[in-house]
Engineer: 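The structure under discussion is supplied below as structure tokens; questions concerning it will follow.
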Amino acid sequence: MNYYRRMKDLREDNDLTQQDIANYLNVTRGTYSMYECGSNIIPLYLLDQLSLKYQVSIDYLVGLSNEKNNKIVKPMNFDIMCQRLKEQRIKNELSQQNVSKAIGITQSHYATYENGRNIIPITRLIKIAKLYNVSIDYLIGKNNEYENMII
């Protein structure tokens, strides 16, 4: 995925080491290194912290936008994310079964994202944003404006 490259580029552009970012995220340098090289998928809450540190959108970090600064200065909001997942599904006239099939999981697993029992992995959130053609930052409450994705 494109965000591994962008994580490294942003770190280097800010003259930071992997250890600096690992300390900021409260993970080991080895763990951060695995996120940055793509061996492990970075959790959404850590991607959110990087977004805040670098003052860029998550859409930029994951390669859905080429715009670095999207007025993103607030953290994600879990409650808003659950609400917007459901709102966008209904707006697009899709059932949970339709969405779950599109992103490759079971309907019951997808339901746990909408009702707040599980945090959605970034890989699935990217698929959902593409499915609805909306910004990840909008979906997770970092941005209150409805935005189409810029690819």
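Every heavy atom of this structure was used, including side-chain atoms; hydrogens, water molecules and symmetry mates were not.
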Engineer: Just wondering, do Ile21 and Tyr54 contact through their side chains at under 4.5 Å, heavy atoms?
Structural biologist: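 Result yes, sub-4.5 Å side-chain heavy-atom pair found.
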Engineer: Nearest 0.5 Å, please: how far is CD1 in Ile126 from CD1 in Ile120?
Structural biologist: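 Separation between the atoms: 10.0 Å.
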Engineer: Pick one: which of Lys86, Arg84, Gln96 meets side-chain hydrogen bond (donor to acceptor under 3.5 Å, both in side chains) with Glu114?
Structural biologist: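 Exactly one candidate clears the test, Gln96.
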Engineer: Do Leu25 and Met34 belong to the same hydrophobic cluster, where Ile, Leu, Val, Met, Phe, Trp and Tyr are linked whenever their side-chain heavy atoms lie under 4.5 Å apart, directly or via other members?
Structural biologist: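 Leu25 does not cluster with Met34.
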Engineer: Passes side chain to side chain contact (heavy atoms under 4.5 Å, CB included), Ile80 versus Ile140? Steps please.
Structural biologist: CA-CA 6 Å; Ile80 289 174; Ile140 66 172; over 6 Å; no
Engineer: Residues in salt bridge (charged side-chain N to carboxylate O under 4.0 Å, His left out) with Asp9, at least two apart?
Structural biologist: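 Asp9: salt bridge (charged side-chain N to carboxylate O under 4.0 Å, His left out) contacts with Arg5.
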Engineer: Once ring pair (Phe, Tyr, Trp, His ring centres under 6.0 Å) is applied, what residue pairs with a partner in residues 96-125 remain, sequence neighbours excluded?
Structural biologist: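 Pairs touching residues 96-125 that pass the test: His109-Tyr113.
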Engineer: Of all heavy-atom pairs between Ser33 and Gln18, which one has the smallest distance, and what is that distance?
Structural biologist: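 Result for this residue pair: CB-OE1, 3.4 Å.
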Engineer: Asn14 side chain to Leu16 main-chain N or O, any donor-acceptor pair under 3.5 Å?
Structural biologist: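 No.
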Engineer: Show your working on side chain to side chain contact (heavy atoms under 4.5 Å, CB included) between Asn40 and Thr31 and close with a plain yes or no.
Structural biologist: CA-CA 8 Å; Asn40 285 354; Thr31 296; 5.5 Å; no
Engineer: If you define the side chain from C-beta out and look only at heavy atoms, does anything of Asn26 sit under 4.5 Å from Gln49?
Structural biologist: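 Side chain of Asn26 against side chain of Gln49, heavy atoms only: no contact under 4.5 Å found.
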Engineer: Evaluate the criterion side chain to side chain donor-acceptor pair (under 3.5 Å) for residue pair Ser65 and Asp59; output intermediate values, then yes/no.
Structural biologist: CA-CA 5 Å; Ser65 171; Asp59 294 302; over 6 Å; no
Engineer: What are the two closest non-hydrogen atoms of Tyr4 and Tyr35, and how far apart are they?
Structural biologist: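 In terms of heavy atoms, the two residues are closest at CD2-O, 2.8 Å.
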Engineer: Quick one: is the NZ or CZ of Arg89 closer than 6.0 Å to the six-membered ring centre of Tyr132, and within 45° of its axis?
Structural biologist: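 Ring-cation test returns no.
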Engineer: Test Leu94 against Leu131 for side chain to side chain contact (heavy atoms under 4.5 Å, CB included), laying out the working first.
Structural biologist: CA-CA 11 Å; Leu94 296 170; Leu131 177 68; 4.0 Å; yes
Engineer: What closest approach, in Å, do Ile122 and Ile42 show between heavy atoms, and which atom pair accounts for it?
Structural biologist: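 Heavy-atom minimum between the residues: CG2-O, 3.6 Å.
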Engineer: Would you check if Tyr24 and Lys53 make a side-chain contact, meaning some heavy-atom pair closer than 4.5 Å?
Structural biologist: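 The answer is yes, as the side chains (C-beta and beyond) meet within the 4.5 Å cut-off.
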Engineer: Which residue pairs pass the salt bridge (charged side-chain N to carboxylate O under 4.0 Å, His left out) test when at least one of the two sits in residues 23-51, sequence neighbours left out?
Structural biologist: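 Pairs touching residues 23-51 that pass the test: Arg11-Glu36, Asp48-Lys142.
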Engineer: If you count heavy atoms of other groups shown closer than 6.0 angstrom to CD of Glu12, is the number above 12?
Structural biologist: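 Atom CD in Glu12 is packed in, count exceeds 12.
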Engineer: Answer yes or no: is there a side-chain heavy-atom contact under 4.5 Å between Ile58 and Leu44?
Structural biologist: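 A side-chain contact exists here, since the closest heavy-atom pair is under 4.5 Å.
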Engineer: At what distance, to the nearest 0.5 angstrom, does CG of Leu50 lie from OH of Tyr32?
Structural biologist: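 OH of Tyr32 is found 5.5 Å from CG of Leu50.
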Engineer: Please report the shortest heavy-atom distance between Ile136 and Ala129, naming the atom on each side.
Structural biologist: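 Closest approach of Ile136 to Ala129, heavy atoms only: CG1-CB, 3.6 Å.
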Engineer: For residues Ile119 and Phe78, determine if any side-chain heavy atom of one lies less than 4.5 Å from a side-chain heavy atom of the other.
Structural biologist: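 Side-chain contact under 4.5 Å: yes.
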Engineer: Below 4.5 Å, heavy atoms only, C-beta onward: do Asn115 and Cys82 meet side chain to side chain?
Structural biologist: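 Answer no - side chains too far apart.
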Engineer: Less than 4.5 Å apart, any side-chain heavy atom of Val134 and any of Leu139?
Structural biologist: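 They are in side-chain contact.
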Engineer: Quick one: does Leu61's side chain get under 4.5 Å of Ser51's, heavy atoms only?
Structural biologist: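 In contact.
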Engineer: Does a donor on one side chain sit under 3.5 Å from an acceptor on the other, for Gln19 and Asn23?
Structural biologist: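 Side chains of Gln19 and Asn23: pair found under 3.5 Å.
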